[in-house]
Each structure stands twice: as structure tokens, then as C-alpha cells.
Number of protein chains: 2
Amino acid sequence: MTVTIYDVAREANVSMATVSRVVNGNPNVKPATRKKVLNTIERLGYRPNAVARGLASKRTTTVGVIIPDISSIFFSELARGIDDIATMYKYNIILSNSDQNKEKELRLINNMFEKQVDGLIYMGAGITEEHVQQFKTSSVPVALAATIDPTDAIPSVNIDYEKAAYEATTLLIENGTNHPIYVSEEGDSPVNSKKLDGFKQAVVDANQELNEDYIIHTKLNYKSGEEAAKKIVEMGNYPKAIFAASDELALGIIHGLQDHGVDVPNDVEVVGFDNTRLATMVRPTLTTVVQPMYDIGAVAMRLLTKFMNKETVDDQNVILPHQIMRRNSTK
Amino acid sequence: MTVTIYDVAREANVSMATVSRVVNGNPNVKPATRKKVLNTIERLGYRPNAVARGLASKRTTTVGVIIPDISSIFFSELARGIDDIATMYKYNIILSNSDQNKEKELRLINNMFEKQVDGLIYMGAGITEEHVQQFKTSSVPVALAATIDPTDAIPSVNIDYEKAAYEATTLLIENGTNHPIYVSEEGDSPVNSKKLDGFKQAVVDANQELNEDYIIHTKLNYKSGEEAAKKIVEMGNYPKAIFAASDELALGIIHGLQDHGVDVPNDVEVVGFDNTRLATMVRPTLTTVVQPMYDIGAVAMRLLTKFMNKETVDDQNVILPHQIMRRNSTK
DNA sequence: ATGAAAGCGCTAACAC
DNA sequence: GTGTTAGCGCTTTCAT
């Protein structure tokens with residue numbers, strides 16, 4: 001049936017060990033025999049069995065990736081960064097969607113460990129004590145991408161969400177709106193909280209009293225943005241600047257505003273968060289916080305390779321730089 | 001170190017075989033011993049090693065997924081459909097990006113087979129004889145998603161691209177433009193060709209002479225759309241309807257048109273293709289061909305499970321229904 | 001209903 | 001530079 005390393009050894013008149021050596025590029029093989037082996041590999045169409053190799057070597061050269069939703073324009077970009085670096089280091093990726101469902105997340109972590117992944121990249125709203133416990137059931141290294149562990153115990157790659165939100169809010173304030181409206185998602189995930197903290201701090205630093213009416217909680221998607229815009233317009237007298245916690249939300253808000261005859265940015269300014277490809281796919285183009293999604297994924301994967309190689313890393317919680325990209329949704 | 005099935009057997013005073021049976025839900029175990037085994041599994045924190053299991057059973061419960069680019073809004077939706085059904089059938093997914101690079105594609109197929117995937121979902125511009133040869137190096141079942149094999153030899157899930165393009169074009173013609181402009185990607189991938197064929201047929205059926213000036217080749221992305229719009233406007237006297245081969249391209253065209261003071265749909269009508277989430281994230285909202293991406297992925301995966309179970313399938317080349325979604329970019 | 005034992009295909013000492 | 005030989009942790013006949 002399928003040809004094994006044993007068949008190759010027999011046909012080439014060498015031992016399995018020698019075949020294994022040439023397959024794995026071990027230099028301790030005489031060029032002549034290497035060639036001989038290579039030839040019979042070619043002739044027999046031998047293909048190494050990675051599962052057997054994994055069992056014997058205890059390395060599968062695959063890493064697990066737990067992601068909230070691969071169809072999200074945000075996370076799929078992260079995933080691309082992860083896979084590119086994984087490929088560069090000869091790893092494959094096992095990808096699973098969690099939908100940010102805690103039980104599913106916990107189950108998936110276990111599942112990845114069963115599959116003997118060499119490492120794990122985790123993305124989610126945030127990490128709880130239970131997650132950490134689950135990670136600890138194995139000695140396999142884990143890295144968080146665009147995900148916060150409040151205790152900083154797990155290696156991670158993020159941006160400074162609080163500072164980024166602070167800066168975005170300040171931009172709006174400096175443009176003339178003392179207390180912008182903040183629209184974000186419900187729930188108090190760490191990332192979420194940091195953004196809100198940054199927003200609040202900026203308002204406070206501008207000597208404004210916080211007004212909870214101007215803090216709107218909804219979902220982070222387009223439709224919610226449209227709805228939020230409607231709600232805002234119906235407030236009648238409302239601040240003329242809006243900070244949305246995601247680009248998609250911002251697009252929904254812009255279009256919702258426009259549908260009600262509000263001009264962006266002349267009547268109301270809007271800034272988003274992430275700088276997904278959507279940001280340039282609207283009119284007016286979106287001013288937003290640049291979060292380097294691809295790089296976060298890539299750096300997280302790179303970090304993971306270091307742990308998998310047992311290299312020492314200086315800083316296991318890396319903060320990537322962000323910036324504010326001014327486009328046409330603000331003045 | 002790690003606890004194995006052998007440890008559980010010893011601690012529970014049963015054989016490995018019995019532990020294996022309870023782990024795999026084999027009914028041939030007395031309830032009492034099952035409970036005893038379950039307890040010691042719990043106590044020892046035993047976690048089955050899927051690699052060892054894979055080697056022994058020759059089933060890895062993982063399927064390979066080769067995808068052009070997971071960060072694409074189109075393909076990531078397909079991937080989600082694939083993963084959901086995979087999860088439903090207890091499979092995991094190994095995901096790799098090919099960038100539609102043939103050598104990479106061929107290498108990835110081989111890589112997936114090395115990893116002993118139980119099945120393979122392939123997405124790409126199209127299948128060549130070499131791809132088929134590569135698939136044939138293994139007996140592992142393969143299914144194509146949103147990908148055409150001209151010979152129909154490989155199981156696949158698609159829509160009728162030609163008919164869909166024909167209908168979209170006809171809509172434009174019936175709205176008053178005898179020979180719309182067609183904007184699509186360069187190259188003659190099967191999917192691409194079918195769309196173009198459908199377009200041409202619709203024009204011919206409307207008793208129009210084909211005008212190659214009105215068939216524009218570019219990339220399928222937003223920026224190309226903006227550029228195409230510029231080119232079109234500069235034509236001066238041009239048809240007042242445009243059929244774009246993807247939604248993203250259509251968005252670029254719409255905005256490019258608007259940037260030149262052209263009103264959509266009153267001055268020029270635009271229809272897209274795919275009905276990605278982008279279609280509702282523009283003003284005017286986009287009239288487009290609905291391609292059920294998620295379903296294509298889901299059905300392809302479902303189809304694959306049938307082959308993996310050696311079930312007989314009646315039609316291995318499934319064509320899912322499409323439709324035209326009329327929104328506001330057409331009259 | 002349960003156990004014994006032979007692999008699955010490969011790597012990794014260790015010996016020569 | 002090459003071969004021998006234990007396993008890796010599990011499933012799967014085949015007995016009993």
C-alpha cells in the first residue's frame with residue numbers, strides 16, 4: 001500500500017536510520033549514499049508520515065490558533081500574519097473558531113493539546129483565571145494576540161488601547177467637541193475597558209464632567225452603527241463628534257448619520273478604531289486608530305517560535321506602536 | 001511526566017484495551033468498570049494523545065484547507081462555513097494560504113498529505129492537470145469549494161457563474177444600457193472565464209455587437225475599482241452601466257465615480273458580484289449577485305465528510321443556487 | 001465483557 | 001558514516 005521508510009531502506013540497501021537522516025537533512029551521510037537514497041525515495045514516491053514522526057519525536061510542527069471568528073475582517077488579518085510567520089518557520093496551523101464562547105474556548109484549548117500542538121496562539125475578548133488554568137494543564141507555550149491577560153502572566157502582543165483611545169478622543173476634543181460620544185461594545189472585556197478608560201481620561205483631562213448619556217453600548221458591527229446613529233440623531237441636541245470602537249461600527253454610524261441628512265465631517269465628526277481595509281472603503285474616508293493587525297499576528301507567532309525553541313525572551317508582553325490616521329471623517 | 005493510557009489502565013486495574021474502549025465510547029464495557037475507568041481518568045488528568053491515536057487508527061480527524069488568502073472578505077466567509085461543519089463532524093482544520101501561487105499550492109497539497117489529513121478542501125483560481133496529478137498521489141478525498149475543475153473530475157461546490165453573470169448583465173441591459181461595461185480580473189481562470197462568457201452572451205442576446213473597449217481587465221480589489229472608474233469617466237462618452245466581477249471592485253468603482261461627480265445610480269448604474277458584507281456597507285447599497293459563500297464552504301465540507309465515510313454520493317459536482325439582490329446602485 | 005499482544009511509521013540513542 | 005534497537009501512545013484483532 002503506502003510506502004514507508006522501511007521500504008525505502010530495503011530498496012536502497014541501507015538502514016531506516018540512514019533514510020531518516022537524509023530525509024531530515026542530517027549531514028552525517030556520505031554524499032553517495034544520500035544520492036542513492038534520494039533516488040529510491042523518488043522512485044518509490046515515498047512521502048514521510050508526519051504523524052509517525054510526531055509520535056516519535058514529540059514535535060508535530062503544528063501550532064493551534066484559537067480565534068473568535070475567522071470571517072471577521074479584523075481577525076482574519078491577524079490570522080494571515082500568524083500563518084505567514086508560521087509558514088516561514090515550517091509550522092502548520094490548526095485553526096478553530098471560538099465565537100468568544102468561554103466553554104468553547106476552554107474545550108478548544110484542550111482539543112489543541114490533545115492534538116499535540118507545539119504551541120498555541122490565542123485570541124479572544126480576554127483571559128480569565130480559568131483560561132490560565134486550562135493553559136497550565138500542558139507545558140506547551142501559549143501566546144496571546146490582540147488579547148489581554150490582566151495579570152500579564154501569559155506572553156502577549158497588543159497595542160496600548162488606552163493610550164490609543166485617549167489620543168483619538170483628544171483629537172475630537174481639540175477639533176472642538178468637548179465631550180464626544182463614545183460607542184462601543186457591551187461587556188467589560190479588558191480591551192474594551194481600556195478603550196473606555198482612555199476615552200474617559202481624555203474627557204476628564206479636558207475638564208469635562210463625564211456624561212453617561214454619551215457613552216453608548218452596542219455591538220461592534222455595522223448594523224449596530226446604523227442604529228446607534230439613529231439613536232444619536234434622535235437625541236436632538238448632541239455632541240458633534242463620535243468615537244467608535246471599531247471601523248465597522250464607525251462605517252455604520254457614518255452611513256446612519258448620512259441617511260438622516262447629517263454631513264460627515266461638517267456636521268458631525270467620526271473616528272474609528274483598527275484601520276481595517278474598510279477605513280478607506282467609505283466616503284468620507286475614515287479617520288481611525290491604526291492597529292497593526294497583521295503585525296500583531298506575525299509578532300505573536302514569532303514570539304511563540306522563540307518559546308517553542310526554548311530561547312530566552314526579554315519582554316514577553318509586547319506592545320506594538322499605534323498611530324492616528326487622519327482622513328476625511330474628521331475636520 | 002505525561003499520563004498515558006497505560007497509567008490509567010494500571011491505576012484502574014484494567015487493561016489498556018478497556019481504557020481505550022471507554023475513551024472511545026465503545027459500548028462493550030460494563031457500566032461499573034466504565035465508571036471506575038472514568039474516575040481514574042479524571043483523577044490522573046489523562047488526556048488522550050491524538051497523534052498516537054492517529055498513527056494507530058490511520059485517522060487523524062483533521063482535514064486540510066488550502067485557501068488563496070484568509071484575509072480576503074470572500075474566502076474567510078467560506079472558511080467559516082468549512083470550519084463550522086468540520087466542527088460539527090468532529091474534525092479540525094489545518095489552514096494554509098496559497099496566494100494562488102501554483103508551486104505553493106502543489107507544495108501545500110503534499111504537505112497536507114504528509115500530515116495525514118483525512119480529507120482536503122481546496123480553493124483556488126482553478127484546477128490544472130498538475131493539481132489533479134498531485135491530488136492523485138494520495139487516496140485522501142478532495143473537495144473543491146468555489147473552485148472549478150474544467151473536467152469535473154474532482155468533487156466540487158460552486159454556483160453557476162455564467163448564468164449569474166448573464167442575469168446581472170441582463171438586469172443592466174433591461175434598465176436601459178445596451179452594452180454595459182464589464183470590469184473583471186486579468187487572467188483566464190475558469191471562474192473568470194465563465195463570468196465573462198455570461199456577460200458576453202447577455203450582450204449578444206440583446207442584439208449588441210461586442211465592444212472590447214467596454215471589457216476592462218484589472219485586479220479584483222477596491223483600489224483597482226477606483227482606478228477603473230477614473231478610466232471610464234475619462235472615456236467621455238461611455239455606457240451608463242457597469243458590471244463589476246466582485247463587490248470590493250464595485251465599491252471602488254462607485255466611490256471612484258462619486259469622486260468624479262458621477263451619481264450612482266442616476267448617472268451610472270453599478271452591479272457587483274458575491275454579496276459580501278461590503279454590499280450593504282456602501283451608499284448607495286450595492287445591487288449584486290448573491291453567492292452563498294458560507295454555504296459553499298459548508299456544503300463542500302459536508303460533501304467531504306461523505307467521501308471520508310465512504311458513503312456514496314449521487315452528484316459530486318454540486319451547483320448551489322444564486323440570485324440577484326437588487327439594492328440601490330441600480331434603478 | 002475484558003485482556004494480551006502485535007503493530008502503526010518514525011526518531012533517537014547507542015554501538016560499531 | 002551507518003546500522004540496531006527501543007520505544008512514542010494508542011487501536012485493533014484475536015482469544016478467552
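Computed from a predicted model, the values in this text were never measured in an experiment. Quick note on labels: first sequence line is chain A, next is B, and so on, each numbered from 1.
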Which residues pass the side chain to side chain contact (heavy atoms under 4.5 Å, CB included) test with [X], sequence neighbours left out?
X        : result
B:Ala56  : none
B:Glu311 : B:Lys306, B:Asn309
B:Glu130 : B:Lys102, B:Leu106, B:Thr128
A:Asp149 : A:Ile127, A:Leu144, A:Thr151, A:Ala153, A:Ile154

task: Five pairs at each end of the helix from C:dA1-D:dT16 to C:dC16-D:dG1: take the axis at both ends and give me the angle between them to 10°.
output: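 Both end axes considered, the difference amounts to 30°.
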
- prompt: Which side-chain hydrogen bond (donor to acceptor under 3.5 Å, both in side chains) pairs, counting each pair once, include a residue from residues 113-127 of chain B, with sequence neighbours left out?
  reply: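 Passing the test, one end in residues 113-127 of chain B: A:Thr61-B:Lys115, A:Asn92-B:Lys115, B:Thr60-B:Asp118, B:Glu105-B:Tyr122, B:Tyr122-B:His131.
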
message: For residues 35-54 of chain A, which residue pairs pass the side-chain hydrogen bond (donor to acceptor under 3.5 Å, both in side chains) check, not counting sequence neighbours?
response: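 Every pair satisfying side-chain hydrogen bond (donor to acceptor under 3.5 Å, both in side chains) with a residue in residues 35-54 of chain A: A:Glu11-A:Arg43, A:Arg47-B:Asn110, A:Arg47-B:Thr137.
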
field: Residues forming a salt bridge (charged side-chain N to carboxylate O under 4.0 Å, His left out) with B:Asp188, sequence neighbours excluded
entry: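 Once residues adjacent in sequence are excluded, B:Asp188 has no partner under the salt bridge (charged side-chain N to carboxylate O under 4.0 Å, His left out) criterion.
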
Which residues share a salt bridge (charged side-chain N to carboxylate O under 4.0 Å, His left out) with A:Asp7, sequence neighbours left out: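 Testing A:Asp7 for salt bridge (charged side-chain N to carboxylate O under 4.0 Å, His left out), a comparison that skips the adjacent residues, returns A:Arg10.
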
task: Indicate, with a heavy-atom threshold strictly under 4.0 Å, whether B:Asn26 touches base, sugar-phosphate, or nothing.
output: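 No contact.
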
field: Nucleotide interval of DNA chain D bounded by contacts with chain A (heavy-atom cut-off, under 4.0 Å)
entry: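 For DNA chain D, the relevant span reads D:dG1 to D:dG9.
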
query: What pairs with A:Thr87 under side chain to side chain donor-acceptor pair (under 3.5 Å), at least two apart in sequence or on another chain?
result: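 For A:Thr87 there are no side chain to side chain donor-acceptor pair (under 3.5 Å) partners, ignoring immediate neighbours.
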
query: Would you call A:Ile296 and A:Asn158 a side-chain contact if the rule is heavy atoms closer than 4.5 Å?
result: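 They are not in contact (no side-chain heavy atoms under 4.5 Å apart), so the answer is no.
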
Base versus backbone protein contacts along nucleotides 8-16 of chain C [heavy-atom cut-off under 4.0 Å; B, S, -]: BBBBB----

